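These notes are about the structure you will find just below.
Please read these numbers as outputs of a predicted model, since none were measured by experiment.
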Amino acid sequence: THARWRIRRVVEGLGLTLAQCSYMGDDLADLEVMRACVLAVSVPNGVAPVKAAAHYVTTTHGGRGAVREYCDWLLAQRGQLAQADAVEPR
């Protein structure tokens with residue numbers, strides 16, 4: 001799909017592969033990229049097949065803090081949430 005091609009171009013420009021990336025999606029057009037990534041995330045208002053393909057579904061809806069929730073979840077999984085919370089904003 002066009003989305004996968006565009007995303008792959010960005011990822012490869014960073015010297016990575018999709019298999020090294022995470023992706024958050026909510027619609028059928030996101031499925032191909034989600035399946036190619038090591039960690040797929042969706043939101044509760046995503047379509048059923050996308051939520052089923054996700055490794056993690058946020059409790060917060062898209063546009064309401066879902067990305068922040070996912071980032072906090074990921075940092076917590078890595079044991080780095082408290083460290084990130086201690087960083088002062090610029």
Side-chain angles (χ1 to χ4, degrees):
T1 66
H2 293 295
R4 184 171 180 175
W5 178 83
R6 286 190 304 262
I7 291 167
R8 178 175 277 151
R9 204 168 92 184
V10 169
V11 167
E12 288 175 354
L14 295 170
L16 301 169
T17 68
L18 287 174
Q20 296 171 289
C21 295
S22 177
Y23 185 84
M24 181 181 274
D26 66 351
D27 208 345
L28 295 176
D30 297 313
L31 273 175
E32 187 178 0
V33 177
M34 289 175 71
R35 290 180 177 144
C37 291
V38 69
L39 184 58
V41 181
S42 186
V43 291
N45 53 324
V47 298
V50 170
K51 291 189 294 186
H55 300 100
Y56 178 74
V57 177
T58 64
T59 59
T60 311
H61 287 235
R64 305 264 186 227
V67 171
R68 173 61 188 259
E69 178 188 335
Y70 167 59
C71 291
D72 286 350
W73 176 83
L74 187 59
L75 288 169
Q77 298 304 305
R78 297 174 52 110
Q80 297 174 322
L81 183 58
Q83 182 180 355
D85 284 341
V87 174
E88 290 292 322
R90 293 181 183 196

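Shown here for S42 and G46, the closest heavy-atom pair between the two residues is OG-CA, 4.2 Å. T58 approaches E69 most closely through the heavy-atom pair CA-OE2, 3.3 Å.
With sequence neighbours excluded, no residue forms a side-chain hydrogen bond (donor to acceptor under 3.5 Å, both in side chains) with R9. Residues passing the side-chain contact (heavy atoms from CB on, under 4.5 Å) test with V47 are D27, L28, P49, V50, sequence neighbours excluded.
Connection of I7 to M34 is established within a shared hydrophobic cluster, with ILVMFWY side chains joined at heavy-atom distances below 4.5 Å, either directly or through further cluster members. Follow the hydrophobic side-chain contacts under 4.5 Å out from V67 and you reach V43 in the same cluster. Using a 4.5 Å cut-off between side-chain heavy atoms of Ile, Leu, Val, Met, Phe, Trp and Tyr, with links allowed through other members, M24 and L39 fall into the same hydrophobic cluster. V11 and Y23 end up in the same hydrophobic cluster when Ile, Leu, Val, Met, Phe, Trp and Tyr side chains are linked at under 4.5 Å. V41 and V38 end up in the same hydrophobic cluster when Ile, Leu, Val, Met, Phe, Trp and Tyr side chains are linked at under 4.5 Å.
Here the side chain of S22 pairs no donor or acceptor atom with the backbone of A40 at under 3.5 angstrom.
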Ignoring hydrogens and angles, write down the donor-acceptor pairs under 3.5 Å from the side chains of residues 13-21, residues two or more places apart or on other chains.
unit_1 : atom_1 : unit_2 : atom_2 : d
T17    : OG1    : A19    : N      : 3.4
T17    : OG1    : Q20    : OE1    : 3.4
Q20    : OE1    : T17    : N      : 2.8

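For residues 26-65, the set of pairs meeting the ring pair (Phe, Tyr, Trp, His ring centres under 6.0 Å) definition, not counting sequence neighbours, comprises Y56-W73.
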